[in-house]
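Reviewing the structure listed below.
Just so you know, ligand 1 is whichever comes first in the structure, and atom 1 is the first atom listed for that ligand.
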Amino acid sequence: MDQPIILLIVAAIVFALVVGVGISLRVNARKKGLDDRRGIDAEVTGELSIDDVAEAVEKDKAEARGSEVPTEPASRLVRLRERLAKSNSGLGRGLLNLLSRDNLDESAWEEIEDTLILADVGVEPTTELVDRLRERVKVLGTRDPEEVRGLLREELIKLVDPTMDRSLADTGKDGDPSVILVVGVNGAGKTTTVGKIARVLVAEDKSVLLGAADTFRAAAAEQLSTWGERVGVETVRKEEGADPASVAYSAVEKGQADGSDVVLIDTAGRLQNKRGLMDELGKVKRVATRPLGEGHEIDEVLLVLDATTGQNGMQQAKVFAEAVDITGIVLTKLDGTAKGGIVVAVQRELGVPVKLIGLGEGADDLAPFTAEGFVDALLD
Ligand SMILES: Nc1nc2c(ncn2[C@@H]2O[C@H](COP(=O)(O)OP(=O)(O)OP(=O)(O)O)[C@@H](O)[C@H]2O)c(=O)[nH]1
């Protein structure tokens, strides 16, 4: 072979080797780079579960809305139940002690009656409960503490009525928003309750709009807007003194246009006279659902009642019930009273269920009401 040809072949082999080694070095370097980056990413992110990602997305969503993230419902309920047990355990424990006495004579039964009346259970339900307890204790004969507790629990649950439908009308019909009107005297906790309900609904991924139909005081609309901002929902409001019905109308109109799930309307609760209250609430109720067309009535009218006001509160409740058809009761400030018996009295008086209870001033201090949960907290 000619020398130049041999040289050419050698040069080609050397070139091929150099290119091959070069490519392999680059590929390795890239692979190493990627591995290093992956290592750093893994260090930064740690092990991310689906839940972590969901939580992060929720936080981002809430931050984008400029609002706070509600606490998890399960932990909230435990905390609220503890608070209810704390303020009302005297009632349950008092009854248990009395019923466990060796000698359950007439004076003991009278004491049981007094305990129930003092806790605002009301005369008629008290008499019913005591009659039933007397009957069952007689049948039972000997009484060990567990039996007494079980018996009292059963009878109290019956009294509170576990069969009532306590669900909130938070789903509208035919794609329209559900319209919830919130009524009650000033100071009962209406605005706070509207804010708390909005927070619960937002946490359930529902879209909510607030209507500030308490136009009597500018501060009321301001307070409602502040609650709205906290949970990232809009508030429809008008100037002080505007017609409350027109605010309700505008809120529902906007709710429908926006495709909101729920429109929550806060109202004024001045009890200047019954006629005035009836006229005002009646008009708000009639006009609010007009944007939704014929046949769409208000989905829910919630009466907010301060549990600490006792018989006075019951009188107010009756006036509101006459002014507008109430569909559910929110009993607020149960954390500040040992008179939890008002739950029974108000349900009896108005014939509508307690649906929610307020157990503090905090944003998450609102709990769905259940007969079993309530009675268990009393007996804790
Ligand atoms: N302890 C306690 N306080 C509550 C509860 N609910 C509301 N409050 C307080 O009660 C006070 C009155 O509440 P509001 O929501 O302003 O009452 P309102 O009925 O809207 O009254 P107006 O704004 O005057 O129309 C506030 O200080 C609330 O923080 C509750 O469940 N427990």
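In summary, D365 and K196 do not engage in a salt bridge, as defined by a charged side-chain N under 4.0 Å from a carboxylate O. Of the charged side-chain nitrogens involved, at least one lies within less than 4.0 Å of a carboxylate oxygen, so that R348 and E128 count as a salt-bridged pair. Salt bridge status for E297 with K285: absent, with no side-chain N to carboxylate O gap under 4.0 Å. Remark: E135 does not engage R132 in a salt bridge, criterion side-chain N to carboxylate O under 4.0 Å. Under the 4.0 Å criterion applied to side-chain N and carboxylate O atoms, R101 and E111 are assigned as salt-bridge partners. A salt bridge links D243 with K283: the closest approach of a Lys/Arg side-chain nitrogen to an acidic carboxylate oxygen falls below 4.0 angstrom.
In terms of protein heavy-atom proximity, atom 8 (N) of ligand 1 is nearest to K333 CE, 3.8 Å. Among protein heavy atoms, the minimum distance from atom 16 (O) of ligand 1 is reached at Q223 NE2, 3.1 Å. In this structure, the protein non-hydrogen atom closest to atom 21 (O) of ligand 1 is G187 N, 2.8 Å. Among all non-hydrogen protein atoms, the one lying nearest atom 29 (O) of ligand 1 is E361 OE1, 2.6 Å. Annotation: atom 24 (O) of ligand 1 to nearest protein heavy atom, R217 NH2, 3.1 Å. Looking from atom 25 (O) of ligand 1 to the surrounding protein, the closest heavy atom is N186 OD1, 3.2 Å. In this structure, the protein non-hydrogen atom closest to atom 32 (N) of ligand 1 is D335 OD1, 2.9 Å. In terms of protein heavy-atom proximity, atom 15 (O) of ligand 1 is closest to T192 OG1, 2.4 Å.
By the 4.0 Å heavy-atom criterion, V185 is counted among the residues contacting ligand 1. A heavy-atom separation below 4.0 Å is not found between A220 and ligand 1. Contact between A188 and ligand 1 is present, with at least one heavy atom of the residue lying under 4.0 Å from the ligand. No heavy atom of D365 sits closer than 4.0 Å to any atom of ligand 1.
No donor-acceptor distance shorter than 3.5 angstrom exists from the side chain of D131 to the backbone of L133, with no hydrogens or angles considered. Looking at D335, its side chain never comes within 3.5 Å of a backbone N or O of R83 through a donor-acceptor pair. With T337 contributing its side chain and T308 its backbone, the two residues share no donor-acceptor pair below 3.5 Å. S260 contributes no side-chain N or O that, together with a main-chain N or O of P177, makes up a donor-acceptor pair within less than 3.5 Å.
Using a 4.0 Å cut-off to heavy atoms of K196, the atoms of ligand 1 that qualify are 6 (N), 31 (O). Listed by number with element, the atoms of ligand 1 under 4.0 angstrom from any heavy atom of K190 are 15 (O), 17 (O), 18 (P), 19 (O), 20 (O), 25 (O). Taking every non-hydrogen atom of G358 and a distance limit under 4.0 Å, the qualifying atoms of ligand 1 come out as 31 (O). Taking every non-hydrogen atom of T191 and a distance limit under 4.0 Å, the qualifying atoms of ligand 1 come out as 15 (O), 18 (P), 20 (O), 23 (O). Atoms of ligand 1 found under 4.0 Å from any heavy atom of L359 (numbered from 1 in listed order, with element): 31 (O). For ligand 1, the atoms lying closer than 4.0 Å to a non-hydrogen atom of D214 are 25 (O).
The proximity of V304 to ligand 1, defined as any non-hydrogen pair under 4.0 Å, does not occur for either the backbone or the side chain. Residue R83 does not touch ligand 1, judged by heavy-atom distances below 4.0 Å.
At a 3.5 angstrom cut-off on N or O pairs, L334 does not count as close to ligand 1.
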Solution key, residues 219-226 side-chain donor-acceptor pairs under 3.5 Å, sequence neighbours excluded:
unit_1 : atom_1 : unit_2 : atom_2 : d
E222   : OE1    : R237   : NH1    : 3.2
E222   : OE1    : R237   : NH2    : 3.1
S225   : OG     : A221   : O      : 3.0
S225   : OG     : R237   : NH1    : 3.1
T226   : OG1    : E222   : O      : 2.8

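The ring-ring contact (aromatic ring centres under 6.0 Å, His included) analysis of residues 352-372, with sequence neighbours excluded, yields the pairs F369-F374.
Here CG of L116 is found 6.5 Å from CG of L91. Values are rounded to the nearest 0.5 Å.
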